[in-house]
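I have placed the structure first, in the form of structure tokens, so that the comments after it can refer back to it.
Bear in mind that the values here come from a model prediction, so they are computed numbers and not experimental data.
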Amino acid sequence: MPRIPAALSGLALAALLQAQSPFAAAPPAPSPVPVLKDYPDTPAGKLLRDIKEHAEVVARVEHLCDLIGPRLTGSGQLRQAQAWAMGEMKRLGAVNVHEEAYDFGLAWARGVDSARLLTHNGLRFRVDQMAWTPGTKGAVKGDLLLVDARNLEELKAFKGQLKGRILLRTNPDDKRPPLARRGGDFAAYQAEQAAMMQFLHDEGALATLSMSGRKNGLSFTSGGAGRDPKQAGLPAAYVPQEPYKMLLRLLARKEPVRLELALGGNFSAAPVQAYNVVGEIPGRERPEEVVIVGGHLDSWDLGTGATDNATGSSAALEVLRAFQATGLKPRRTVRVVLWSGEEQGLLGSRAYVEAHRAELDAIQAVLVDDMGTGMVKGFTLQGREACRGLMAQAIAPLNDLGVKELSLRVMGSTDHAPFDRAGVPAFAAIQEPVDYFLGTHHSQMDYPDHLVPDQLVQGAQAMAVTAWELAEMPVRLPHGKVALPVTGTVNPSAPR
């Protein structure tokens, strides 16, 4: 390489190196979002044009993530985000802007986590505590043991071997089928997991380590809320795949493997309340009937919660902005709800359904955006074949924008699900995955850098137009619970 003058600026140096490179830069991948050449002079066309030309979704996500940051339910940062969201709703013309409280349980805050090998190579490696598990109260030291058990009966085979040990929960090379959440019953799955953790605690184990589901050094976080720390089981953490598999290889050598582990999470002194944020545009003819558009404002805390779910929350707020900017007044009320506690088991939306039981029949439909920055391709119908024709009408103005899919697939892992179980037509957006489940979801990578602006804007267009069409529709969508087979009803992204 030729000698490079020391006075070159960073940008000049980068340009020079690029010019000298024998490899051409890869062209950007083509966007999957269709480009509309013109917009019809209809309410849907006005919404599409206005959002395309004036959307604030990217700026909103950046504000939430860069200025406020991660928004764990029960935290001061989520309360700050909720105050901001209420201000946004009022600025965007919503009325009846308010919060609705529900009992959450104990708040939890992450501390400093660390791990290192006390044998072999002495490596320090990343660990991230599972939320709502107790901390270790300083560093603990213990021999490592692989506990390859998928249920309580298999775990009991390790009785008498666990005292003073740090445990690897499962072997990722195990080909046995998983618990399948006890046939789709998430409550039964949680009960089984709680029983397993209680067994480990009673046997005197120190902590458990699970492998992250994300590759390339990415970590992962999850955890349920509301538990008393005395009943929260053992300290537990996720480990990125590479160091986790190193630990497995060391154990396979049949040599003692010893770790030092510190997990710094802590619980609040007393239970707290959590809140959902609500604002609406009143219906001009049938204000008592409601179309709900929503997303969850809470997030995990390894990143800043950009794609899970500042994107969906910002798209819901964009519906308000577009209605205000175009002056459109829907026949039915359009209500935006930003839930909390989604990441701990849909707690906010479940509380909303319980608080509004008497009004559920007045809900025309619920639309939820919660799969990241990817463009909307359609909606899951939750097995509601009777809704297919009317939903096809609702998304017809979006067909040329790539919104065509109406799948009978059932997804049970975001805030539409409690409504669906109560008999309300409630649908989650089907979105392009981008790098959601392979990268940003629940990991330290969830920052606004991974937004795809044109796809995010298209998603806001899809939510706004679908909400408008459902609000204007002369007939009601059929209500009622739908009998479904258990198989295939559980989504892998459901809270662990």
Test Glu472 against Arg284 for salt bridge (Lys or Arg N to Asp or Glu O under 4.0 Å), laying out the working first. CA-CA 10 Å; Glu472 287 295 289; Arg284 69 179 190 276; 2.7 Å; yes
Applying side-chain hydrogen bond (donor to acceptor under 3.5 Å, both in side chains), run through Asp454 and Ser31 and close with a yes or a no. CA-CA 8 Å; Asp454 67 331; Ser31 171; 2.4 Å; yes
Is there a side-chain contact (heavy atoms from CB on, under 4.5 Å) between Tyr238 and Met130? Walk through the geometry before answering. CA-CA 7 Å; Tyr238 286 100; Met130 188 182 295; 3.7 Å; yes
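Looking only at atom types and distance, the side chain of His98 has a donor-acceptor partner in the side chain of Glu100 under 3.5 Å away. Checking Asp298 against Ser340 by side-chain atom types alone, no donor-acceptor pair falls below 3.5 Å. Looking at Arg79 and Gln82, their side chains do bring a donor and an acceptor atom within 3.5 Å of each other. In this structure, a donor-acceptor pair under 3.5 Å is present between the side chains of Asp128 and Ser219.
Between Tyr352 and His356, the angle of the ring planes stays under 30°, which puts this pair in the parallel group of the 30/60° scheme.
Among pairs with a residue in residues 279-319, those fulfilling ring pair (Phe, Tyr, Trp, His ring centres under 6.0 Å) read Trp300-His442, at least two apart in sequence or across chains.
Scanning both residues, Gly295 and Asn309, for their nearest heavy atoms gives CA-ND2, 3.7 Å. The two atoms that bring Pro397 and Leu48 nearest to each other are O-CD1, 4.0 Å, heavy atoms only. Taking each heavy atom of Leu218 and Met445 in turn, the nearest pair found is CD1-SD, 3.7 Å. Of all the heavy atoms in Ala394 and Glu469, the pair that sits closest is O-CG, 3.3 Å.
Look at Lys329 and Glu285 and you find no salt bridge, because none of the NZ, NE, NH1 or NH2 atoms lies under 4.0 Å from a carboxylate O. Residues Glu354 and Arg357 are paired through a salt bridge, judged by an N-O separation under 4.0 Å between the basic side chain and the carboxylate.
Summarising the geometry, atom CE belonging to Met375 is positioned 12.5 Å from atom CG belonging to Leu456; distances are rounded to the nearest 0.5 Å. Taking OH of Tyr275 as the reference point, atom CG of Leu297 lies at 14.5 Å (rounded to 0.5 Å).
Less than 6.0 angstrom separates the ring centroid of His441 from the ring centroid of Tyr436.
Between Thr440 and the choices Thr307, Asp449, Thr311, Asp308, the side-chain hydrogen bond (donor to acceptor under 3.5 Å, both in side chains) rule is met once, by Thr307.
Under a cut-off of 6.0 angstrom, the local environment of CG in Asn399 is crowded, with over 12 non-hydrogen atoms contributed by other residues, nucleotides or ligands.
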